[in-house]
Amino acid sequence: MTDQFKSNYRNKPQKGFLTLLLMAFALAVQAQTVSVSGKVADATGPLLGVSIIVKGTTTGTATDFDGNYTLDGVDSNATLVFSYVGYLTQEVAVAGRSVINITLQEDLAQLDEVVVVGYGTMERANVTGAISTVEMEEVAKAPVVNVVESLRGQVAGVQISRNTGQPGSPPVLKIRGNNSLGASTNGGTNLDTVNQPIIVVDGVPLVGGNMAEFNPDDIESINILKDAASASIYGSSGANGVVLITTKSGKKGKTQITVNSSSGFVSLAQRPDIMTGDEFVKFRIDVNQNSSSGAQYFPNTLGLDPIEYANYIEGNQVDWMDEVARTGVQNNVGLTVSGGTEKTTFYLNGDFFRESGPLVASDYKRFSVRFNGDLQATDWLKIGARVQLSKSFADQRTAIVGFGNGGVPALSALVESSPYGNLYDEDGNYSKFATTDLFAVNPLHKFNESELDVNITRSYVNPYVNIDIAEGLDYTLNTFAEDRREFLGRFQSTNFTDGADNLAQIRERQQVTYLIDNILSYKKDFGKHGFDVALIYGMQKSEWTEVNSQATRTAADELGYWGLGTAPQELQSTGVNTSDWAKSYLAGRLGYNYDGRYSATLTLRRDVSNKFIGDNRVGYFPSAAFAWNAHNEAWWFGGDTFSNFKVRLSYGELGNDNIPSFSYQANTNAVLIPPADAETGLIPGNVAGNPDIKWETSKQFNVGVDFGFFNSRVNGSVEVYNTKTTDVLLYQRIPAALNNGYEFYPSNIGETENSGVEVGLRGDIIRTEDFSWNMGVNWATSKSKIIRLNELGEDGEPLDDIDNGWFIGQDFQEIYGFEYLGVWQIGETPDVTNLGAVPQPGDPKIRDTNGDGNVDFEDRTFLGNPTPDWYGGINNVFRYKGLELSVLFEFVEGVKRINSIYNSYNSARQNRININYWTPDNPTNDYPRVGEGSAMTPGGTFYNSIFLEDASFVSLRNVSLSYSLPSEMLDRTFLNGLTLSVSGNNLKYWTDYTNAYSPEITNTDQYPISKTWVMGIKLTF
């Protein structure tokens, strides 16, 4: 065998082996590829156009209309990357699987990149003002009828409170506290009304009404303009901030049907401690013992009248709160159909909401329908409309007042009615009065013998036309027409009270509002330079009419208020009232940004209001704002650790014409002309005119810092602001010697100042494929004080207005009184006198502020006010796969209120809140003695001081637990999504202000605050 042959012989089997090895490897590789398919969705349903890429390659695909995708020849060890605009990118290992379904989570930071501002949008990076974007996903979890209430504890500097829990009633909304003292024709103040911000829906400032008339599920986004530079584009409307609401539109793709349904229970959030029968008897005995006349009202030794005494002997007691309170029910169901093509999108929603309140005779129902449609008619023309119709029905018998308009509110009886009163009479009907006292009303009888219905119909159409004139240049015509009608029907039967005729009332109000806006906008980038220009010319007009008819002695109680026309003609009366206002405006905004680093926004608005006359009708409201994105500088040192740092500075001026129309002229009253009184004429009313009244103006500085850490996993902002308001609109009292029949006149008096700090933080504390923990924290303080009023001293110094409770340098609602220290005890020797009299055991112990040995009005001091020292909220959201838990706490600290729910303790004519009052056998320092001469009498010198309480609180505001079924479980069903949830609202107060229906309720006439638990289901087809 030759060497060559040996060599060939040895090599041949090796080459064959290599060939076989390569073939086996190729087969093995081929065997490790799989075909992967699945569905991609979000919380609402399938997503169209989601990109799926095999990581490290260019191989990929996208989802279809149903969210489905298929990828062939994928390495079983590969990783798929799922990405979609507005959502967090997810990477998923194939791990040999052939079916992979994914639910994408919204990227809140990315969604914030485009912000809705006045008359347009702006990239977040270019925003120069203080604008907060609300997390709608969190807001939607609160089971409330009014979207405003769901903002509680969610946004720094935004405070929402409740002074009534009446189903369907609006909460009080304020942005950065109070600026105006509040113009009121009776000389008082109306702070909550005049300091509320405007709400703008789809570019239209709403006039009047209540956001409960809107379905919260129709809302796509909420942005809040807090500083003057942001709000000045709305001029006279934006003095107290602006809430911008954008409603939902249809999306291109397959038509989607969503059904939302929830049902749950409503109960009282908090109940005061009312005296029981035994406590009430002891109270009456103590009152009588402390009264010089002995038994002050009642002859027997227990201080009980015959009805009470009989029930006491028989052991019969009535808990009036238990009799009127109930477990109410809340139901909500909504159906949404939305979708669209490349040229047309639509959104249609119908909704029904019903709530029976935690007290009887207080039901609320709302029906609403909304249609939003958009048509891209041509490449340059887009048209659309937003249309809404809502109808609400409210049973408000809990607000009924007997004996004409001066009687006893029925809700007061829940506290004041005797526990030994009669719930039923001898015939088994509700008794008219609980006892022999004709002021001891039986609320259930009042509800049973009355009607008080308030029905509201709200309809509007909001068409628009958008024309693309040239690249970056658009013209928009935004129009609006609304008709809001309010019907009130009130009836009291002949059995409502003794010796009175029945009473019928029908009041109808109509408010018609029109708006036309012409908006020219231009957006263009030239290299590193970017311009955003908007010009607006528009007008808004509102007309209001009221027809109020009343009658007594109608033909039959069974006719209710509809029997009004059957009353004798001479017992019928009709009053008609009307008013209107209008404004026109011209505004311009210039936005400039350079290289993503420097931004500036300049705004000027000119308003003309018919609430003033002459040159005073015109107001000019300029603003300027600047921002610096330091993190975009080439030298920025932060990297991904300190990933965002932005500084903002702004100044703006805002106007306020929040005063009744025609205030520049005197009001009049009708009068019969003698001698026959057959004709009527007009005489001067109590309010004089003032042709010199003009705009109230607020000037605000704002400094803000936005920051982010760890590649924006932690984001936050800090705002510091100062607002000075001049020419404050207010009605001044005319001294009696000069009034000539007029008591008040409108004027521009004084100056106020409002300053505060706001902090907001949001962080992704944990973020993994299956689990995440997000936290949002906000904290704010807002302090308003009076700088100057209309009166000046001899040296030009500003003087206080003690009669109205206004003090220079103090809060608008500062409580000025005596400092309560406790109770004088037996054996103590008082070292002071109270108003010249020596205090007796059981009398209140009051601080002698000036140390002169006599407690008098010179010893009054500032005790606090209802304005919080600070307020805020903490929201935690935990997600594990399809399970989500959200918990929101709200904090309000430093609030002082006079709790008038206690009422009077000088007599025992009515029941009272159970308090630990002083007696010789109970030497407490909590409250003074009861009975004749007790300091605990409304209007008494020391009453406000004794019942001044700390109304700070921590509230478990919202809790929501939901579970979304994985999409793979729904693949073989007709459903695209299914979510089950349970949520609660206003669940618990931690507060020292316990003897009230909540820390925000101050008297027995206010409807209690409720808490709610509901279970819901959401189906997507």
Side-chain angles (χ1 to χ4, degrees), residues 166-168 356 359-365 367 391-411 413 424-425 427-433 438-439 441-458 483-512 544-579 669-673 676-681:
Q166 180 77 41
S356 54
L359 301 183
V360 300
S362 59
D363 298 331
Y364 178 82
K365 295 186 295 184
F367 301 86
K391 183 88 174 178
S392 63
F393 304 86
D395 178 357
Q396 296 187 3
R397 282 176 290 164
T398 49
I400 201 77
V401 178
F403 307 100
N405 289 323
V408 180
L411 285 184
Y424 301 100
D425 61 21
D427 298 323
N429 301 314
Y430 288 126
S431 61
K432 292 182 182 179
F433 305 100
L438 297 185
F439 281 91
V441 302
N442 180 345
L444 289 165
H445 169 77
K446 299 298 183 188
F447 300 155
N448 201 47
E449 298 294 331
S450 64
E451 297 175 81
L452 185 55
D453 297 328
V454 179
N455 306 331
I456 295 173
T457 302
R458 188 170 196 164
D483 182 24
R484 184 179 185 275
R485 301 182 181 226
E486 178 182 314
F487 170 90
L488 180 145
R490 176 178 177 232
F491 180 74
Q492 296 174 190
S493 75
T494 52
N495 195 37
F496 188 83
T497 189
D498 285 338
D501 296 323
N502 61 14
L503 169 67
Q505 177 188 10
I506 292 178
R507 187 188 69 199
E508 294 181 284
R509 291 175 175 170
Q510 181 180 18
Q511 188 167 25
V512 179
W544 175 84
T545 57
E546 176 186 274
V547 179
N548 190 5
S549 300
Q550 297 189 51
T552 59
R553 209 182 302 167
T554 65
D557 287 346
E558 290 76 11
L559 297 174
Y561 47 74
W562 293 115
L564 187 149
T566 66
Q569 193 70 32
E570 63 273 15
L571 299 180
Q572 296 183 35
S573 64
T574 299
V576 178
N577 195 8
T578 184
S579 186
N669 294 325
V671 63
L672 292 174
I673 299 176
D677 290 346
E679 297 181 4
T680 59

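To the nearest 0.5 Å, atom CG of residue Asp363 and atom CZ of residue Arg397 are 7.5 Å apart. Note: Thr398 OG1 to Leu411 CG = 5.0 Å, rounded to the nearest 0.5 Å. How far CZ of Arg485 is from OG1 of Thr545: 8.5 Å, rounded to the nearest 0.5 Å. We find the CD1-CD distance between Ile506 and Gln550 to be 11.0 Å, quoted to the nearest 0.5 Å. Distance check: Gln511 CD to Trp544 CH2 gives 9.0 Å after rounding to the nearest 0.5 Å. Taking CZ of Arg458 as the reference point, atom CZ of Arg484 lies at 6.0 Å (rounded to 0.5 Å).
The side-chain contact (heavy atoms from CB on, under 4.5 Å) check on Phe393 picks up Lys365, Phe367, Lys391, Asn455, with sequence neighbours excluded. Among residues two or more places apart in sequence or in another chain, the side-chain hydrogen bond (donor to acceptor under 3.5 Å, both in side chains) test is passed with Ser579 by none. Remark: Arg507 pairs with Glu486 by the salt bridge (charged side-chain N to carboxylate O under 4.0 Å, His left out) rule, at least two apart or across chains.
Shown here for Leu564 and Ser549, the closest heavy-atom pair between the two residues is CD1-O, 3.4 Å. Ala504 approaches Tyr561 most closely through the heavy-atom pair CB-CA, 4.0 Å. The two atoms that bring Ser493 and Glu449 nearest to each other are OG-OE1, 2.6 Å, heavy atoms only. The heavy-atom pair separating Gln572 from Ala551 by the smallest distance is CG-CB, 3.8 Å. Across every non-hydrogen atom of Pro443 and Ala413, the tightest pair is CD-CB, 3.7 Å.
Side chains of Leu452 and Leu488 form a contact here, defined as non-hydrogen atoms less than 4.5 Å apart. With contacts defined as side-chain heavy-atom distances shorter than 4.5 Å, the pair Asn495/Asn429 does not qualify. The shortest distance between side-chain heavy atoms of Lys432 and Leu438 does not fall below 4.5 Å. Annotation: side chain of Asp453 is not in contact with side chain of Phe491 (no heavy-atom distance under 4.5 Å). Looking at heavy atoms from C-beta onward, Gln510 lies out of side-chain contact with Val547 at the 4.5 angstrom threshold. The shortest side-chain heavy-atom distance between Phe487 and Glu508 falls under the 4.5 Å cut-off. You'll find the side chain of Asn577 stays beyond 4.5 Å of the side chain of Asn548, heavy atoms only. Taking 4.5 Å as the limit, some side-chain heavy atom of Phe496 sits within range of a side-chain heavy atom of Lys446.
Between the side chain of Gln166 and the main chain of Gln396, no donor-acceptor pair closer than 3.5 Å is present. Looking at Asn502, its side chain does come within 3.5 Å of a backbone N or O of Thr554 through a donor-acceptor pair. At distances below 3.5 Å, at least one donor-acceptor pair connects side-chain atoms of Asp557 with backbone N or O atoms of Thr494.
Between Phe433 and the options Asp425, Thr497, Asn442, a side-chain contact (heavy atoms from CB on, under 4.5 Å) holds for only Thr497.
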